[in-house]
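Down below is the structure, laid out as structure tokens.
Note: hydrogens, waters and symmetry copies are ignored here, and every other heavy atom, side chains too, is used. Keep in mind that this is a model prediction, so the values were computed, not measured. A, B, ... follow the sequence lines: proteins, then strands. Residue 1 opens every chain.
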There are 2 protein chains.
Amino acid sequence: MADFSSPGGSVSVTADLVVLTVQSNELRVLLVRRGIEPYRGAWALPGGFVLPDEDLDAAAVRELREETGLTAPVGHLEQLASYGTPGRDPRGRVVTVAYLALLPHLPAPVAGSDAEGAAWAALPVGELAFDHARILADGVERARAKLEYSPLATAFCPPEFTITELREVYETVWDARLDPRNFHRKVTGTPGFVEPVGRSIAAERGRPAQLFRRGPARLLHPPMLRPTP
Amino acid sequence: MADFSSPGGSVSVTADLVVLTVQSNELRVLLVRRGIEPYRGAWALPGGFVLPDEDLDAAAVRELREETGLTAPVGHLEQLASYGTPGRDPRGRVVTVAYLALLPHLPAPVAGSDAEGAAWAALPVGELAFDHARILADGVERARAKLEYSPLATAFCPPEFTITELREVYETVWDARLDPRNFHRKVTGTPGFVEPVGRSIAAERGRPAQLFRRGPARLLHPPMLRPTP
DNA sequence: GACGCTTATCGTCAGCATGACGAAAAAGGG
DNA sequence: CCCTTTTTCGTCATGCTGACGATAAGCGTC
């Protein structure tokens with residue numbers, strides 16, 4: 001880090017969120033409708049300014065809570081990347097630190113103070129404000145990759161879930177079909193991926209499925225493989 | 001992204017670099033000795049302020065060139081993560097966008113204008129200014145992980161290299177021993193990882209080795225596996 | 001030049017994980 | 001009771017990996 005003898009000028013910093021969830025076999029992202037200029041009326045990623053004495057991660061957690069009402073440590077939140085190309089915001093120099101959140105499906109989102117509304121949008125979405133289409137694409141790509149070598153697919157599931165529900169998460173995020181038998185063997189055979197609850201739940205049809213909760217593993221060795229075609 | 005009705009206050013943004021190289025079977029990082037307060041005389045990661053009309057990536061490229069004299073597209077450069085905890089810089093609110101660079105070994109580094117000197121330091125390094133120890137740790141961990149599923153180890157090698165040189169890169173970064181025969185089979189058997197040049201080079205002892213250059217592959221499927229113990 | 005030493009490269013083989021797919025178990029409905 | 005559906009367990013061929021033997025191709029020495 002250099003000195004302040006030639007400071008680069010001051011910058012505004014925002015924390016914006018790519019909030020993904022899986023519902024009805026669709027990958028959905030949380031969007032807000034902008035209530036002010038620029039891009040008034042356009043859809044954008046939720047987010048806002050980092051407060052003067054606020055950590056970046058804390059700002060992301062706060063924005064997530066403001067938009068979803070989430071307070072408990074549910075799902076998953078991680079930093080995605082930062083975007084600071086000059087001109088990306090017509091109001092001036094803005095650097096955005098983007099975060100990626102993976103959540104189980106929740107009740108309807110709450111519109112923030114500066115938004116006219118919020119909604120879950122199925123992918124692919126249409127036009128977005130600023131460079132948010134690029135940020136969203138990066139987030140989706142990160143999520144797809146992380147399902148391979150981490151157990152993060154459980155972040156899309158409720159606390160207790162069936163193997164079939166978990167498989168449908170993979171199939172939805174990857175847009176691929178997985179063999180239920182091999183998937184079952186792989187998931188239950190990977191130590192720490194999921195842990196049996198001991199109870200079963202009856203589906204609408206067919207044999208009732210065992211319930212599982214997420215295990216302590218942080219990485220999958222060997223990874224879950226995405227189908228090649 | 002929200003509006004400017006309650007801006008979070010302005011922030012200074014720096015682009016700092018974790019520049020890694022492999023030399024003499026050591027993983028080394030480029031450090032500069034700070035010539036000004038705070039942390040005057042302490043070692044720190046190279047970097048500096050993002051200019052008012054400069055892209056983040058461009059700032060990282062510029063800083064890399066200023067510190068190493070690099071101009072050609074050699075090695076690898078990618079964004080690592082951003083750090084903005086309040087108080088991490090005693091002068092005020094500073095958000096640092098860290099970049100990770102992987103380079104083949106180069107001549108002695110050049111000291112920047114605001115540094116008393118620059119040097120390659122073998123890992124682990126001692127105390128660093130600011131939270132640079134944390135940034136460095138994140139960068140090293142990213143590099144170690146990327147060697148598994150990407151051909152980025154070639155970024156540590158000169159344009160033409162032998163399989164043994166490439167293996168020594170893996171052994172150094174991972175601090176592990178790899179079987180030369182299995183490594184040779186894996187590297188030459190992965191399409192697009194390396195391409196034979198057609199010539200050989202004589203080492204000091206033993207049979208001369210074929211020369212290779214980096215192939216077009218961006219990902220390794222299946223990945224290179226780190227030894228478990 | 002034969003020999004020994006070193007390193008690069010090729011082969012072999014057992015073990016494990018995977019993909020494809022059959023089959024049994026466990027429910028509900030006609 | 002039979003049929004359908006879904007879950008769960010098995011089987012088998014294949015491919016990748018780890019361990020390690022064997023050969024190739026240089027150099028130095030006697």
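Of all nucleotides listed (C:dG22, D:dG21, C:dG19), C:dG22 comes nearest to the side chain of A:Arg181. For A:Ile163, counting side-chain heavy atoms from C-beta on, the closest listed nucleotide (C:dT18, D:dT8, C:dC21) is D:dT8. Closest approach to the A:Asn182 side chain among C:dT18, C:dA20, C:dT7 is made by C:dA20 (side chain taken as heavy atoms from C-beta onward). For B:His184, counting side-chain heavy atoms from C-beta on, the closest listed nucleotide (C:dC13, C:dT9, D:dT5) is C:dT9.
The base of C:dG11 does not come close enough to the side chain of B:Arg185 for any donor and acceptor atom to sit less than 3.5 Å apart. Looking at B:Arg205, its side chain has no donor and acceptor atom pair within 3.5 Å of the base of C:dT6.
With hydrogens and angles ignored, the 3.5 Å screen pairs a side-chain donor or acceptor of B:Thr154 with a backbone N or O of B:Pro151. Side-chain atoms of A:Glu171 come within 3.5 Å of backbone N or O of A:Leu178 as a donor-acceptor pair.
Residue contacts shown for B:Gln210 are limited to sugar-phosphate atoms, with no base heavy atom under 4.0 Å away. B:Thr164 comes within contact range of the sugar-phosphate backbone alone, with a heavy-atom separation under 4.0 Å but no base atom that close.
Atom OH in B:Tyr149 sits roughly 22 Å away from atom P in D:dC16 (whole-Å rounding). Distance, B:Glu165 CD to C:dT9 P: 11 Å, rounded to whole Å. In this structure, the CG atom of B:Leu220 is 15 Å from the C1' atom of D:dT17, given to the nearest Å. As rounded to whole Å, 16 Å separates atom C1' of D:dC16 from atom CZ of B:Phe183. Rounded to an integer number of Å, the gap from CD1 of B:Ile201 to P of D:dC27 is 13 Å. Taking atom CE on B:Met224 and atom C1' on D:dC16, their separation rounds to 13 Å, with Å as the unit. Here the P atom of nucleotide D:dT8 and the CZ atom of A:Arg167 are 11 Å apart, to the nearest Å. The nearest whole Å value for the distance from the CG atom in A:Asp179 to the C1' atom in C:dG22 is 11 Å.
Side-chain contact check for A:Arg88 and A:Thr96: at least one donor-acceptor pair (N or O, by modelled atom type) lies under 3.5 Å.
Mapped onto DNA chain D by nearest heavy atom, B:Pro208 and A:Ala209 fall at different nucleotides, with A:Ala209 at the one closer to the 5' end. Annotation: of the two residues near DNA chain C, B:Gly206 and A:Glu204, the 5′-most nearest-nucleotide partner is B:Gly206.
Note on ring orientation: taking the six-membered ring where Trp is involved, the planes of A:Tyr170 and A:Trp174 are perpendicular (angle over 60°, cut-offs 30° and 60°).
In this structure, B:Lys186 does not reach the D:dC16 phosphate: none of its side-chain N or O atoms is under 4.0 Å from OP1 or OP2.
In summary, the aromatic rings of B:Phe161 and B:Phe212 are positioned with their centroids too far apart to meet the 6.0 Å limit.
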